[in-house]
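One-based numbering, in listed order, for ligands and for the atoms of each. All of these numbers come straight from a predicted model, not from anything done at the bench.
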Amino acid sequence: MRQAGRHFLQIPGPSPVPDRILRAIDMPVIDHRGPGFADLGHRVLNGMKRIFKTTQPAIIYPSSGTGAWEAALVNTMSTGDKLLMVETGHFAHLWQALALKLGLQPQLIETDWRRGADPELIEQALKEDTNHQIKAVCVVHNETSTGSTSRIAAVRKAIDAAAHPALLMVDTISGLASADFCFDDWGVDVAVSGSQKGLMLPPGLSFNAVSEKAIEASTRASIANSYWQWSEMIEANARGYFPYTPSTNLLFGLAEAIDMLEEEGLENVFARHIRHAAATRAAVEAWGLEVQCVVPEEHSPVLTAVRVPQGSDADQLRAAILSQCDTSLGNGLSKVAGKVFRIGHLGDINDVTLIGTLSAVEMGLHHAGVPHEAVGVQAAMDYLKTTRDVKANAA
Ligand SMILES: *Cc1c(COP(=O)(O)O)cnc(C)c1O
């Protein structure tokens, strides 16, 4: 049966694709070797450098984010190399599993999945690695399974404090273009991202940003690879082209997304996300529920993971919200399955989208019989009313 109105896709990626981007994608395919293509190529490659806040190369692959994870490792590592990885949640775990499959040796710093990476533990592990076996420190910027962010600038400081030469690799698949990310200023060596989260595009593009030090490491790395090779990409990209067929229509969409982000102003985009996350937490607290992330300065601006009370099932709640309110929320992944649901507040959303989403949650809590105080939406509105000016809020 037809459902009237728009489906609320409030999972933490893919995020809803704005009409402007859908229209930009709805174009005839052009010749990716033709003379007109380079304008588009340069436009998106330069635009992505601005989004990553870097003057170093940005690389665009036709793949999901997982491909760019693999690209980060196969370009820089040799079989048997050691990595230091922090298990902040499910996505950090998946990156580690990928590294194992590639024949690398991850050394793991575990967490309780309720916080970001601890820079002190990273510094300690690097200081203990006196003969510099660890070749890279891998951290997830925004852990999408728990709603915790890691403080990347502090991680860089920890690496420097240990005087360790390891590369700093950061998964900002769900962080980029929603949470501030400063590739150059933070001294990141390889960043990994994807199209379907803060960039508001359909799934299908992934990204690396790469430092000179990472490119230098790539000349010595020996894991066999071909499709992901940075060198061929960088060479073709210099002329505005790609070594193989790019995802032309997603690149039309990407150019539009970059325009939209810059029209709003990147810093305003980040402030909007911080404000919507704070309003969401106000709702969660008023419902009498608990936010998964327990460190205030590490609360994600992208999504909020909410714990359901003992005796309630988060998946039953999500099913009620979907059937009654046509709203999709994120599920709890692996360790927190059934215990957590995730409210995405990323991408192309405004105050009313957020309040609509939180209303769906509040009605769903009722329908699913989850014990709560039905005053969360009001608390979120009260917060939004008192913080109306996004720019003033950012200051
Ligand atoms: C979505 C996501 C991934 C996986 O990206 P795919 O596009 O599904 O391959 C990895 N890491 C994080 C932090 C994510 O949010």
Visitor: For the atom pair CE (Met169) and OG1 (Thr76), what is the distance rounded to the nearest 0.5 Å?
Guide: 3.0 Å

Visitor: Does the side chain of His90 reach to within under 4.5 Å of the side chain of Lys335, using non-hydrogen atoms?
Guide: no

Visitor: Quick one: side chain to side chain donor-acceptor pair (under 3.5 Å) partners of Lys101, sequence neighbours excluded?
Guide: none

Visitor: Find all protein N or O atoms under 3.5 angstrom from an N or O atom of ligand 1 and list the pairs with distances, or write 'none'.
Guide:
residue	atom	partner	partner atom	Å
ligand 1	7 (O)	Gly65	N	2.8
ligand 1	7 (O)	Gln196	NE2	2.8
ligand 1	9 (O)	Ser64	OG	2.5
ligand 1	9 (O)	Gly65	N	3.2
ligand 1	9 (O)	Thr66	N	2.8
ligand 1	9 (O)	Thr66	OG1	2.5
ligand 1	11 (N)	Asp171	OD2	2.7
ligand 1	15 (O)	Thr144	OG1	2.4
ligand 1	15 (O)	Lys197	NZ	2.7

Visitor: Just to verify, what does Thr304 make a side chain to side chain donor-acceptor pair (under 3.5 Å) with, not counting sequence neighbours?
Guide: His345

Visitor: Under 4.0 Å between a side-chain nitrogen and a carboxylate oxygen: does that hold for Lys385 and Asp382?
Guide: yes

Visitor: Which residues pass the side chain to side chain donor-acceptor pair (under 3.5 Å) test with Ser63, sequence neighbours left out?
Guide: Ser206

